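First comes the structure, then the notes that go with it.
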Amino acid sequence: VRERIISHYKTNNSKNTFLSYRYTFDNFMRIIGDKYISLINKSDFEDFKLQRSKEVSIISVNIDIRNLKAMFNKMIEFELLEFSKISTMKQFRIEKKKMLAFDSGDIDKILNSEINIQLKQIIRFTLLTASRISEVLSVKLKDIDFENEVINIYQKKTNCFKTIPLISGIFELVNEILNKGIENNIYTLQDKEGYLFPNPIRNNPYLKLREETVSEQFKKILRKLNLS
């Protein structure tokens, strides 16, 4: 049965999908033992679910459950089973994280607190452009078009750029970051490959600042201001 099912996914799906199904199937057999498919019962599935939750994250267990359901449905399609005993098996419920929300007073408190200049500029840029932190940290000088007065920000989620007008607030902030006057907006091609918010520790304009670093700094400020 294993060879029939796994070979199907290997032939008809991407390598990563195939490996995911094979990994789930092998772990399932490892935990419940080498049994005939027809003799597997609901308690076997629950044992698998419980054991896997001790080994990996709940998210990974839910992937295993979805994979198992798909494979057992495929066994029915191939007439290896009459019905699926796993159809009622439920995934673990994952609580959604509560999103933080700030009002103008909170934002003023954050920006007026004792935080480093770069973090303050990142927060301001994020708010002014309504962008994700990952998008903000990926902005390079070449993405800033002073001639057409726009900033092109790459969105990984949609795999395209969004164009933000270089309004006065953003324009002033960008010049502040670059420490250049309004009349001095000409950069060499080499300069343009640098990040708008480079890693300050390495003092390298071509080294991207890590999202985790900024996130940790921001959380530390929130805890200090009792806003977390």
Side-chain angles (χ1 to χ4, degrees), residues 1-101 126 131-138 153-160 195 199 201-202 207-223 228:
V1 173
R2 179 188 183 280
E3 293 306 316
R4 177 76 185 279
I5 296 298
I6 297 304
S7 62
H8 166 78
Y9 287 108
K10 184 176 183 179
T11 303
N12 297 282
N13 297 87
S14 67
K15 181 179 179 180
N16 288 336
T17 300
F18 153 67
L19 291 175
S20 177
Y21 280 108
R22 188 179 70 177
Y23 182 68
T24 295
F25 195 101
D26 289 346
N27 276 306
F28 183 61
M29 299 312 294
R30 171 178 62 84
I31 292 171
I32 72 165
D34 190 9
K35 296 183 177 182
Y36 286 111
I37 293 296
S38 59
L39 297 180
I40 296 175
N41 54 45
K42 291 182 180 180
S43 63
D44 290 321
F45 292 119
E46 292 302 325
D47 289 343
F48 169 77
K49 183 178 173 181
L50 178 61
Q51 181 58 37
R52 284 296 281 161
S53 68
K54 296 177 181 179
E55 301 174 346
V56 295
S57 70
I58 299 301
I59 294 175
S60 295
V61 178
N62 284 346
I63 292 174
D64 281 336
I65 292 172
R66 291 196 295 271
N67 285 351
L68 280 174
K69 284 187 174 183
M71 286 189 283
F72 272 75
N73 286 335
K74 191 61 64 177
M75 291 178 199
I76 295 174
E77 182 182 326
F78 291 162
E79 298 183 349
L80 299 172
L81 278 178
E82 291 185 5
F83 62 92
S84 174
K85 297 178 182 179
I86 197 176
S87 59
T88 58
M89 187 178 183
K90 295 183 178 180
Q91 299 182 45
F92 282 107
R93 183 174 180 179
I94 300 176
E95 295 292 334
K96 291 185 177 180
K97 293 183 179 179
K98 184 179 179 181
M99 294 184 66
L100 290 174
T126 302
S131 301
R132 291 183 171 86
I133 187 63
S134 58
E135 298 169 353
V136 170
L137 299 181
S138 296
I153 299 179
Y154 178 68
Q155 296 177 293
K156 187 176 181 179
K157 190 173 183 179
T158 57
N159 193 30
C160 64
Y195 287 99
N199 191 316
I201 297 178
R202 301 292 182 85
L207 185 62
K208 185 178 178 181
L209 184 59
R210 295 176 67 246
E211 184 179 342
E212 294 79 5
T213 300
V214 176
S215 178
E216 185 54 41
Q217 290 176 351
F218 186 65
K219 289 177 182 177
K220 193 176 294 184
I221 295 298
L222 294 183
R223 289 193 293 269
S228 58

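Everything numeric in this text was worked out from a predicted model, so none of it was measured. All values below were derived from every heavy atom in this structure, side-chain atoms included, with hydrogens, water molecules and symmetry-related copies excluded.
Residue Lys35 places its NZ atom among more than 12 non-hydrogen atoms of other residues, nucleotides or ligands, all under 6.0 Å distant. Asn12 CG: more than 12 foreign heavy atoms inside a 6.0 Å radius. For NZ of Lys42, the number of neighbouring non-hydrogen atoms (other residues, nucleotides, ligands) closer than 6.0 Å is 12 at most. Counting heavy-atom neighbours within 6.0 Å of Leu39 CG, excluding the residue itself, gives a total above 12.
Shown here are the side-chain contact (heavy atoms from CB on, under 4.5 Å) partners of Ser20, two or more places apart in sequence or in another chain: Ile63, Asn67. Residues that satisfy the side-chain hydrogen bond (donor to acceptor under 3.5 Å, both in side chains) test with Ser60, not counting sequence neighbours, are Ser57. Taking Tyr23 as the reference, nothing meets the ring-ring contact (aromatic ring centres under 6.0 Å, His included) condition, with sequence neighbours excluded. Taking Tyr9 as the reference, Tyr21 meet the ring-ring contact (aromatic ring centres under 6.0 Å, His included) condition, with sequence neighbours excluded. The side-chain hydrogen bond (donor to acceptor under 3.5 Å, both in side chains) test applied to Thr88 returns no partner, not counting sequence neighbours. For Ser43, the side-chain hydrogen bond (donor to acceptor under 3.5 Å, both in side chains) partners are Asn41, not counting sequence neighbours. Applying the salt bridge (charged side-chain N to carboxylate O under 4.0 Å, His left out) test to Arg210 and every residue at least two apart in sequence or in another chain returns Glu212. Residues passing the side-chain hydrogen bond (donor to acceptor under 3.5 Å, both in side chains) test with Glu46, sequence neighbours excluded: none.
Among residue pairs with one or both ends in residues 4-19, none qualify as salt bridge (charged side-chain N to carboxylate O under 4.0 Å, His left out); sequence neighbours excluded. Identified under the salt bridge (charged side-chain N to carboxylate O under 4.0 Å, His left out) test for residues 61-72, with sequence neighbours left out: Arg52-Asp64. Annotation: ring-ring contact (aromatic ring centres under 6.0 Å, His included) contacts involving residues 56-75, sequence neighbours excluded, comprise Phe45-Phe72.
For the pair Ser215 (side chain) and Glu211 (backbone), a donor-acceptor distance under 3.5 Å is absent. Remark: the backbone N or O of Phe92 is paired with a side-chain donor or acceptor of Asn62 at under 3.5 angstrom.
Taking CD1 from Ile32 and CZ from Arg30, the interatomic distance works out to 11.5 Å, rounded to the nearest 0.5 Å. How far CD1 of Ile37 is from CZ of Arg2: 11.5 Å, rounded to the nearest 0.5 Å. Taken from NE2 in His8 to CD1 in Ile5, the straight-line distance is 7.5 Å, to the nearest 0.5 Å. Taken to the nearest 0.5 Å, the CZ atom of Arg22 stands 11.5 Å off from the OG1 atom of Thr24.
In this structure, Tyr154 and Asn159 approach most closely via the heavy-atom pair OH-OD1, 2.5 Å. Of all non-hydrogen atoms in Asn199 and Ile201, the two that sit nearest each other are OD1-N, 3.0 Å. Among all heavy-atom pairs drawn from Ser131 and Thr126, the shortest one is O-CG2, 3.1 Å. Taking each heavy atom of Ile58 and Ser53 in turn, the nearest pair found is CD1-CB, 4.3 Å. Across all non-hydrogen atoms, the minimal contact from Ile31 to Glu55 is CD1-OE1, 4.4 Å.
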Exercise answer: donor-acceptor pairs, residues 74-84 side-chain atoms, under 3.5 Å, sequence neighbours excluded:
unit_1, atom_1, unit_2, atom_2, d
Lys74, NZ, Glu77, OE1, 3.2
Ser84, OG, Ile86, N, 3.2

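Side-chain contact between Met89 and Lys49 is present, with heavy atoms from C-beta onward closer than 4.5 Å. Looking at Asn27 and Phe48, their side chains come closer than 4.5 Å, going by heavy atoms from C-beta outward. Residues Ile133 and Phe218 have side chains not in contact (no heavy-atom distance under 4.5 Å, counting atoms from C-beta outward).
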